[in-house]
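A quick write-up on the structure given underneath.
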There are 2 protein chains.
Amino acid sequence: MHNPAGLPHILTGKEGRSMATTSSAVTEVSIPAAEKGARGGSSAYLRLREAIVDGRFQPNERLVEADLARTFGAGRTAIRAALVRLDQEGLVERQPNRGARVRLVSDREALEIEEVRVALEQMLARHAAARVTPSHVRKLRQMLEEMTARVEAGDPLGYSELNSRFHEMIWAIADQAVASTLVANLKSQSIRFQYRTILQPGRPDRSLREHAEIVEALAARDPDRSEVAMREHLSRVVETLKEAIARHHTR
Amino acid sequence: MHNPAGLPHILTGKEGRSMATTSSAVTEVSIPAAEKGARGGSSAYLRLREAIVDGRFQPNERLVEADLARTFGAGRTAIRAALVRLDQEGLVERQPNRGARVRLVSDREALEIEEVRVALEQMLARHAAARVTPSHVRKLRQMLEEMTARVEAGDPLGYSELNSRFHEMIWAIADQAVASTLVANLKSQSIRFQYRTILQPGRPDRSLREHAEIVEALAARDPDRSEVAMREHLSRVVETLKEAIARHHTR
DNA sequence: GTGCATAGAATTGTCGACAATCGATTGTCC
DNA sequence: GGACAATCGATTGTCGACAATTCTATGCAC
């Protein structure tokens, strides 16, 4: 998971809130490869977070503090703080005196999250249209080509990854830290549902066309058109997700 | 999970993620002077949060753990956990080894927050239009009358409070927990800027008309119209805030 | 007076120990 | 056998103590 051409990578949690100035924040998320010996400050939080988001812990799996401390080579204090943070972030559920679990987001909540994402990315697209530069457009077109290549190569996972990058690029252009942080956090919560939309037959082709329209709209620096393009794209994602969930539920 | 005919109250996600009341008419200022016996559970977090949101701690004010522990009659452990939570929530800024401060949201960030709020409330209005009942409409109209009364009585603070209730009511109707939680959190972050928009001359009258149009649109169960009405209302709030900030900056 | 190093105070970070609580298992009575 | 109470092990919550770090102020040379 590297960063191809200095692409902005939106951070999660508090670091992303660093309201710097105008420039697109290119905050590095490099996971500190600290090992057992190194007291990695908040790295217990980062590593635990990554483990959850990557699915190395199952939803609803109990997170016993002592075990985690041993696993990550950290003290129970650090683990405890990490769990509090993750609870506030929505990735973990803590019940008093009963420990913490990986939070299971329900189908309903996944849909709600996606709807919020629509609203936020709509807004971000609008702002991006007002700030986009020719250099940005070039980069976006380039990404579009790569995505096409992935689809043609029958590589849905690679496509999905580029898809994320594409949207993150737009967030960066919009230069709205608050919205970007929120949408990034939401995404990490619902990451478990992502594959369901990508793997629908015919979806990648359609998705590509929608992305192309978004780029066109941005290139024209047209806020309304960009907003509409983004809304239509993501609304279709929501619809696809709805269908996938319905199918999954009545199988 | 939603609140049938009653007043929309605090939207509670989970007891872990619950948010304190935004600003009740009468805020509990009394800090019960430390009865050691009565451990208030997670109330250290709630009370500290309320203290910050209510402005009993100034922005950028240092939050020394030992002091807070004495003030709230809690142990340092509880305070520490509360600070971690509030940091993740965006109300507090913690720097390693350097303690915690009340986070100061810049003018720029306040605007960004408000823009996100526009996007989210737009979406919430749309969903509310699809779920609103006659009972809801009655309640909304009633609130509108009360708000009119407050404006005519020249009571901007009371109007502001009802204003919040009005929007919360719509959130409740929309029945979108994720969006509601987010917008509520954002609001508590930017609460310090709220008065700036309310106190603009002529603003209350205009605001009232905009609210009326929102109610009409909802009563008609028209999603598009409701969304537009909400967007126009909040966009104007953003504009007002922009002007207020500009004026404040060049005074 | 200014710059710089240093000592001391204040504060945060971390650990270990213990109390409090919960869940499950066992034991008892009918 | 099943409902219910007592018990035990596992886990979380909290406290106090101490180490680590930062901040403040003092002393000193120039």
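Just so it is clear: chains get the letters A, B, ... in the order the sequence lines come, proteins before strands, and each one is counted from 1. Note: hydrogens, waters and symmetry copies are ignored here, and every other heavy atom, side chains too, is used.
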Can you give me every donor-acceptor pair (side chain of residues 55-66 of chain A, partner residue at least two apart or in another chain, under 3.5 Å) with its distance?
{"unit_1": "A:Glu61", "atom_1": "OE1", "unit_2": "A:Gln58", "atom_2": "N", "d": "2.8"}
{"unit_1": "A:Glu65", "atom_1": "OE1", "unit_2": "A:Arg76", "atom_2": "NH1", "d": "2.6"}
{"unit_1": "A:Glu65", "atom_1": "OE1", "unit_2": "A:Arg80", "atom_2": "NE", "d": "3.3"}
{"unit_1": "A:Glu65", "atom_1": "OE2", "unit_2": "A:Arg80", "atom_2": "NE", "d": "3.3"}
{"unit_1": "A:Glu65", "atom_1": "OE2", "unit_2": "A:Arg80", "atom_2": "NH2", "d": "3.3"}

Grab the CG-P distance between A:Leu83 and D:dT12 for me, whole Å please.
-> 8 Å

May I have the distance from A:Arg101 (atom CZ) to C:dG23 (atom C1'), rounded to whole angstrom?
-> 12 Å

Sorted by chain and number, sequence neighbours left out, side chain to side chain donor-acceptor pair (under 3.5 Å) with B:Asn97 holds for none

Flag, side chain of A:Arg103 to backbone of A:Gly90, donor-acceptor distance under 3.5 Å = yes

Between D:dG13, D:dT12, C:dC15, spot the one nearest the side chain of A:Thr77, thanks.
-> C:dC15

Could you state the atom-to-atom distance from CD1 of A:Ile79 to C1' of C:dG13 in whole Å?
-> 15 Å

Interatomic distance, A:Arg70 CZ vs C:dC15 C1' [rounded to whole Å] = 17 Å

Set of side chain to side chain contact (heavy atoms under 4.5 Å, CB included) partners for A:Thr250, sequence neighbours left out = none

Given atom CD of B:Glu65 and atom C1' of C:dT14, what is their separation to the nearest angstrom?
-> 12 Å

Calculate the interatomic distance between A:Leu63 atom CG and D:dG13 atom P; express it in whole Å.
-> 13 Å

Could you tell me which residues satisfy side chain to side chain contact (heavy atoms under 4.5 Å, CB included) with A:Leu234, sequence neighbours excluded, listed by chain and number?
-> A:Arg117, A:Val118, A:Glu121, A:His167, A:Met230, A:Val237

Mind listing the N/O atom pairs, protein and nucleotides 19-24 of chain D, below 3.5 Å?
{"unit_1": "D:dC23", "atom_1": "OP1", "unit_2": "B:Arg98", "atom_2": "NE", "d": "2.6"}
{"unit_1": "D:dC23", "atom_1": "OP1", "unit_2": "B:Arg98", "atom_2": "NH2", "d": "2.8"}

A:Arg76 has its side chain closest, among C:dA17, D:dC15, C:dG13, to C:dA17

Which residues pass the salt bridge (Lys or Arg N to Asp or Glu O under 4.0 Å) test with B:Glu243, sequence neighbours left out?
-> none

Integer-rounded Å distance: C:dT12 P and B:Arg80 CZ | 8 Å

Could you give the CG-to-P distance, from A:Leu68 to D:dT11, as a whole number of Å?
-> 11 Å

